[in-house]
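There's a structure below that I have some questions on.
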Number of protein chains: 2
Amino acid sequence: MTSAAKGSPSPRLTRNQAMVYDALVSASGAMTAYQLLDALRAEGLNAPPQIYRALQRLTDIGLVHRLESTHAFVACQHGDGTGHDTAAFAICDDCGDVVELSDARLARDLRSLADGSGFTPHRASIELHGTCERCRPAND
Amino acid sequence: MTSAAKGSPSPRLTRNQAMVYDALVSASGAMTAYQLLDALRAEGLNAPPQIYRALQRLTDIGLVHRLESTHAFVACQHGDGTGHDTAAFAICDDCGDVVELSDARLARDLRSLADGSGFTPHRASIELHGTCERCRPAND
DNA sequence: CGGGCGAACGTTATGATATAACAACAACGC
DNA sequence: GCGTTGTTGTTATATCATAACGTTCGCCCG
Ligand SMILES: [Zn+2]
Ligand SMILES: [Zn+2]
Ligand SMILES: [Zn+2]
Ligand SMILES: [Zn+2]
């Protein structure tokens, strides 16, 4: 029924989880929890916990990423959320567009940098703020 | 008088800014704005805007960094806050300790990764969560 | 000296983000 | 049927951050 509940490697989504995920996929960029709530009131979601619970599950299984620097959430741009341990996000401060970048070299550098100080990383949050290609000519 | 107002390249700090900065330097790790407020009530700071304004100025001039993933603030560990455009933070989820890492290779990789998608970065937020050296044996 | 002016301050109120807690309900194995 | 487990809907509350406004401070210049 929803675009996400089919034959993916992820566990099946509940109704609320699918609604939130579909909203994020339809959106061209990131959305905050309360933007999602506003968008989904018409479909029966009324209160923050319903949104945050769905987002928690979706981020746990890797279908959605949380952008710490903007308190927003974005659908994973790598299909089903499998296979990237170190993702970086390029966030355009002009238009809000978000691109998910993945790079093995970056992951390796981060790991070795952490190792150098005896740190064992479990997760990383890498967010670049700046201007995207489309917005650059305008404010050059 | 304060530890920061001397012959640095930064402008002199006001009384409130110095109080907040000193509190962060004294703290071994990061503090949230409201933790700072609680710590500085005895010295006359009463309301959130006083804290947030000082933090804004301190982060603008590079003496303090904001940790997006924990909504906390930490004094720059590179002396006076000059000369690092790409800092990464290793945050121990066990003890809260924060180490500021700086690496030219990481900065270069990030820049080339962004360039590859036409993105012009202005600032980066790189935060690693995990376990620090001292805490690792305990929960291995 | 004494305005004039811009930055910083103190205060009140409010906005934005996120979670605790609990009762009702559905799904499943037995 | 019946316990177990996880999801749901709901209310209330906690946590993080800023708007707005009048006052005071520091400092330059006439
Ligand atoms: Zn992804
Ligand atoms: Zn843009
Ligand atoms: Zn620093
Ligand atoms: Zn630790």
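Residue numbers start from 1 in every chain, and the chains themselves are labelled A, B, ... in the order their sequence lines are given, proteins ahead of strands.
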>> Less than 4.0 angstrom between a side-chain N/O of B:Q50 and OP1 or OP2 of C:dC9, yes or no?
In response: no
>> In whole Å, I'd like the distance from the CD atom of B:Q35 to the P atom of D:dA14.
In response: 17 Å
> How long is the gap from CZ on B:R123 to OG on A:S69, to the nearest 0.5 Å?
Replying inline: 6.0 Å
> With sequence neighbours left out, what residues match B:R41 under salt bridge (Lys or Arg N to Asp or Glu O under 4.0 Å)?
Replying inline: B:D38
>> What is the separation between atom CE on B:M31 and atom P on D:dT15, rounded to the nearest whole Å?
In response: 15 Å
> Rounded to the nearest Å, what distance is computed from the CG atom of residue A:L37 to the P atom of nucleotide D:dT8?
Replying inline: 15 Å
> For C:dA7, does either OP1 or OP2 sit under 4.0 Å from a side-chain N or O belonging to B:T14?
Replying inline: no
>> Using the rule that Ile, Leu, Val, Met, Phe, Trp and Tyr join whenever any side-chain heavy atoms are under 4.5 Å apart, tell me whether A:L37 and A:L55 fall into a single cluster.
In response: yes
> Rounded to the nearest Å, what distance is computed from the CG atom of residue B:D60 to the P atom of nucleotide C:dA8?
Replying inline: 10 Å
> Between A:E68 and A:S125, is any side-chain donor less than 3.5 angstrom from a side-chain acceptor?
Replying inline: no
> So, are B:D103 and B:R108 salt-bridged, with charged N and O less than 4.0 Å apart?
Replying inline: no
>> Considering only residues two or more places apart or on different chains, which pairs with a residue in residues 23-36 of chain A satisfy salt bridge (Lys or Arg N to Asp or Glu O under 4.0 Å)?
In response: none
>> Just verifying a value: how many Å separate B:L63 CG and B:L24 CG, rounded to the nearest 0.5 Å?
In response: 10.5 Å
> Are B:H71 and A:H71 near enough that their ring centres are under 6.0 Å apart?
Replying inline: yes
>> I'd like to compare against my own output: the B/S/- annotation of nucleotides 16-27 of chain C with a strict under-4.0 Å heavy-atom distance to protein.
In response: -BBBBB------
> Do B:V99 and B:F89 sit in the same hydrophobic cluster, where Ile, Leu, Val, Met, Phe, Trp and Tyr count as joined when their side-chain heavy atoms come under 4.5 Å apart?
Replying inline: no
> Ignoring hydrogens and geometry, is there a side-chain-to-backbone donor-acceptor pair from A:N16 to A:T14 under 3.5 Å?
Replying inline: no
> Tell me: CD1 of A:I61 to P of D:dT7, nearest whole Å?
Replying inline: 11 Å
> Does B:R57 place a side-chain N or O at less than 4.0 Å from the phosphate oxygens OP1/OP2 of C:dA8?
Replying inline: yes
> Do you know the tightest heavy-atom contact between A:M31 and A:A39?
Replying inline: CE-CB, 4.2 Å
>> Listing request: all ring pair (Phe, Tyr, Trp, His ring centres under 6.0 Å) pairs with a residue in residues 98-136 of chain B, at least two apart in sequence or in separate chains.
In response: none
> Just how far, in rounded Å, is C1' of D:dA17 from CG of B:L36?
Replying inline: 14 Å
Collect all protein-nucleotide pairs involving nucleotides 23-27 of chain D in which both atoms are nitrogen or oxygen and the distance is under 3.5 Å.
none

>> Please confirm whether the shortest side-chain N or O distance from B:N16 to OP1 or OP2 of C:dG10 is below 4.0 Å.
In response: yes
> Which whole-number value in Å describes the distance from A:N46 CG to D:dA12 P?
Replying inline: 15 Å
>> Pairs counted only when both distances fall under 3.5 Å, Watson-Crick or G-U: show me the 5' to 3' dot-bracket for DNA chain D, [ ] for pseudoknotted crossings and | for other-strand partners.
In response: ||||||||||||||||||||||||||||||
> What's the CG-P distance between A:L13 and D:dG6, to the nearest Å?
Replying inline: 17 Å
